[in-house]
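Everything numeric here is computed off the predicted structure, so don't read it as measured data.
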Amino acid sequence: RQGTMMLKNVSILALLFLLSSCGTTPIEYKPSTLKLDTAKEIVEELTWSQHPTYRPSGFEINDKYMAWDFGVKSESSGMAVGNGTVTGISGTTTSKNIGERSYFKSIDKVELFLWKRKFRTWYTVSLTEKNNTYKYVYRTQSLEDAEKFTDAMSTIVKYYKEQNTLQTQK
């Protein structure tokens, strides 16, 4: 009984340690405004230089939205029927593109976060949309790169939100 209690206490402490070493925390950061062309170059360069795990397979900025393409997801299912030997096989495969779009008119703010992952410090930049969803669009272990990305992304979002508002008012 005493061994079981000790194992339970150790398990709880291990779980608390794991939970405290993961997660995101907002960082107070006031982004600088850049020239639009410079901002686009920075976002493109840093997006493509991310760790391969987080790098999209496609990325686009236009005057209405930004889009990230993460490839294709395929799901397969099959069935074999028989009585000791296979007498019939059937299957289906369903594929769909995996991507994200963020429309400038829906983006509320660009935020920089400290992210603890696997006992390492990372930084991530998020687009917070008006419905309070977060899209983490950039991840790095360099605070300098994360701040540059935040400056650039904030510049792009602000510019196109203003342009879209002016077009709507015409």
(Q) How close do T124 and Y136 get, counting heavy atoms only, and between which atoms? (A) OG1-CD2, 3.5 Å

**Q.** Minimum heavy-atom distance between L112 and A146, given as atom pair plus value
**A.** CD1-CB, 3.5 Å

Q: Following the transitive rule for hydrophobic clusters with a side-chain heavy-atom cut-off under 4.5 Å over Ile, Leu, Val, Met, Phe, Trp and Tyr, establish whether Y138 and W68 coincide in one cluster.
A: yes

Q. Do D69 and P56 have side-chain heavy atoms sitting under 4.5 Å apart?
A. no

Q. Where do S126 and Y134 come nearest, in terms of heavy atoms and distance?
A. OG-CD2, 3.3 Å

Q) Looking at CD of E28 and CD of E111, how far apart are the two atoms once the value is rounded to the nearest 0.5 Å? A) 9.5 Å

Q | Atom pair NZ/CG of K148 and L46 - distance to nearest 0.5 Å | A | 5.5 Å

Q. Do Y65 and V110 share a hydrophobic cluster (ILVMFWY, side-chain heavy atoms under 4.5 Å, transitive)?
A. no

Q. Is L36 linked to F149 within one hydrophobic cluster, defined over Ile, Leu, Val, Met, Phe, Trp and Tyr using a side-chain heavy-atom separation of less than 4.5 Å?
A. yes

**Q.** Quiz item: cation-pi between R139 and W115, 6.0 Å / 45°
**A.** yes

**Q.** Closest non-hydrogen atom pair, M66 against I61
**A.** CG-CG1, 3.8 Å

Q) Applying the 4.5 Å side-chain criterion to the ILVMFWY set and letting contacts propagate, would V137 and F113 be lumped into a single cluster? A) no

Q: First locate atom CD1 of I27, then atom CG of L143, and finally report the distance between them rounded to the nearest 0.5 Å.
A: 6.0 Å

Q: Look at the side chain of E45 and the backbone N and O of I42, then say whether any donor-acceptor pair between them is shorter than 3.5 Å.
A: no

(Q) If you apply the rule side-chain contact (heavy atoms from CB on, under 4.5 Å), what do you find for N62 with E60, and how did you get there? (A) CA-CA 7 Å; N62 64 37; E60 172 190 1; 3.4 Å; yes

Q. Which of these, F59, Y123, W48, W122, sits in a ring-ring contact (aromatic ring centres under 6.0 Å, His included) with Y54?
A. W122

Q.
Please find the pair of heavy atoms, one from P31 and one from D151, that lie closest to each other, and give the distance.
A. CA-OD1, 3.2 Å

Q.
Within the 4.5 Å heavy-atom criterion, are K161 and K105 side-chain neighbours or not?
A. no

(Q) Can you confirm whether the side chains of T121 and Q141 place a donor and an acceptor under 3.5 Å from each other? (A) no

Q: Look up atom CG in L127 and atom CD in E100, then write down how far apart they are to the nearest 0.5 Å.
A: 10.0 Å

**Q.** Evaluation steps, side-chain contact (heavy atoms from CB on, under 4.5 Å), between T128 and I107
**A.** CA-CA 6 Å; T128 306; I107 299 171; over 6 Å; no

Q: Mind checking the NZ-OH spacing from K64 to Y160? Nearest 0.5 Å is all I need.
A: 10.5 Å

(Q) Minimum heavy-atom separation for T155 and S32, please, with both atom names. (A) OG1-O, 3.7 Å

Q) Just wondering, more than 12 heavy atoms not from K158 lying within 6.0 Å of its NZ? A) no

Q: Find the distance between OG1 (T140) and CG (D145) and round it off to the nearest 0.5 Å.
A: 5.0 Å

Q. Do the side-chain N and O atoms of N164 and Y159 include a donor-acceptor pair separated by under 3.5 angstrom?
A. no

